[in-house]
Amino acid sequence: MSINYIAGVLVGIVIVLFAFCFTKIFLKKKGLIKKECYDERQEREKGKGYKLGFFVALIYYLLLMVVQLSGLEIDNGFFTFLGICLSVGAFAIYCIIKNAYFGYNQTPKGVTILLFVIMLTNLIPCIMALIEGKMLRTTGINIVCVILLLSVIAASMIKNHINNKDSER
């Protein structure tokens, strides 16, 4: 792996962290994000979500180990990151379905905006690489992040829509 690639990854991480911090501070000042407060049911459901995420990661890494033992050459960094994203996605979507992702004092709008900004930040290198014709070779991790965040945003919006329909009845 070249030093340029490693430097690019590190700069990308710093940019995403900066965008995250800046957006979170901005949304807190606007009152769209508050300190999370969860009730007992939400804490219990979050615990089940952590357990689900753990088992998703466990099964994924066992399957990855089998693939590696079979002799197939794979990119360890990419597939390790994919496993992390799968387990985080399982946790987040489970908690969204069980109404435990957002605290009882939070609105989904602020968190969804924050996730959307992070998703867009990860989409920029994908677009640049697509223009240069190096799509999958250099931006696989960014694509995984975009898909994960898009899944969480979609699940949040669908659950919010379902909750709004239920409250109208």
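Please read these numbers as outputs of a predicted model, since none were measured by experiment.
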Within the structure provided, determine whether Phe79 and Tyr60 are in side-chain contact (heavy-atom separation under 4.5 Å).
yes
Evaluate the criterion side-chain contact (heavy atoms from CB on, under 4.5 Å) for residue pair Phe116 and Ile153; output intermediate values, then yes/no.
CA-CA 7 Å; Phe116 189 73; Ile153 291 168; 4.1 Å; yes
Rounded to the nearest 0.5 Å, what's the gap from CG on Leu58 to CG on Leu63? Could you check?
9.5 Å
Partner set under side-chain hydrogen bond (donor to acceptor under 3.5 Å, both in side chains) for Asn160, not counting sequence neighbours:
none
Going hydrophobic residue to hydrophobic residue with side-chain gaps under 4.5 angstrom, can you get from Ile96 over to Val146?
yes
Does a sphere of radius 6.0 Å around CZ in Phe26 hold more than 12 heavy atoms from other residues, nucleotides or ligands, not counting ones at 6.0 Å or beyond?
no
Would you find a donor on one side and an acceptor on the other, under 3.5 Å apart, between the side chain of Arg41 and the backbone of Ala100?
no
Same apolar cluster: Phe22 and Val14, side chain cutoff 4.5 Å
no
For atom CD of Glu43, is the number of surrounding heavy atoms from other residues, nucleotides or ligands below 6.0 Å larger than 12?
yes
Under the rule for salt bridge (Lys or Arg N to Asp or Glu O under 4.0 Å), what residues qualify as partners of Lys48, not counting sequence neighbours?
Glu45
Sub-4.5 Å side-chain heavy-atom contact between Tyr61 and Leu64
yes
Looking at every non-hydrogen atom in both residues, tell me the closest pair between Ser156 and Thr112 and how far apart they are.
OG-OG1, 3.6 Å
Please set out all donor-acceptor pairs under 3.5 angstrom arising from side-chain atoms of residues 67-74, sequence neighbours excluded.
unit_1, atom_1, unit_2, atom_2, d
Gln68, NE2, Asn76, OD1, 2.3
Ser70, OG, Val67, O, 2.5

With sequence neighbours excluded, what pairs up with Ile147 under the side chain to side chain contact (heavy atoms under 4.5 Å, CB included) test?
Ile143, Ser151
Determine whether a donor-acceptor pair (N or O, by modelled atom type, separation under 3.5 Å) exists between the side chain of Tyr94 and the backbone of Tyr50.
no
Within a radius of less than 6.0 Å around NZ of Lys46, do more than 12 heavy atoms belonging to other residues, nucleotides or ligands occur?
yes
May I have the list of side-chain donor-acceptor pairs in residues 121-128 shorter than 3.5 Å, sequence neighbours left out?
unit_1, atom_1, unit_2, atom_2, d
Thr121, OG1, Val117, O, 2.8
Asn122, OD1, Asn142, ND2, 3.0
Asn122, ND2, Ile118, O, 3.1

Phe81 versus Val144: any side-chain heavy-atom pair under 4.5 Å?
yes
Got Ile93 and Tyr101 here, is their nearest side-chain heavy-atom distance under 4.5 Å?
no
So side chain to side chain donor-acceptor pair (under 3.5 Å) across residues 82-93, not counting sequence neighbours, yields none
Verify the cluster assignment for Leu148 and Val111: are they in a single hydrophobic cluster under the rule of side-chain heavy atoms below 4.5 Å apart?
yes
Heavy atoms of other groups near Phe18 CZ, more than 12 under 6.0 Å:
no
For Val56 and Ala90, which heavy atoms make the closest approach, and how far apart are they?
CG2-CB, 3.8 Å
To the nearest 0.5 Å, how far apart are NZ in Lys159 and CD1 in Ile97?
7.5 Å
Hey, any chance Ile25 and Leu114 share a hydrophobic cluster, counting ILVMFWY side chains that come within less than 4.5 Å of each other, even indirectly?
no
Verify the cluster assignment for Leu86 and Leu52: are they in a single hydrophobic cluster under the rule of side-chain heavy atoms below 4.5 Å apart?
yes
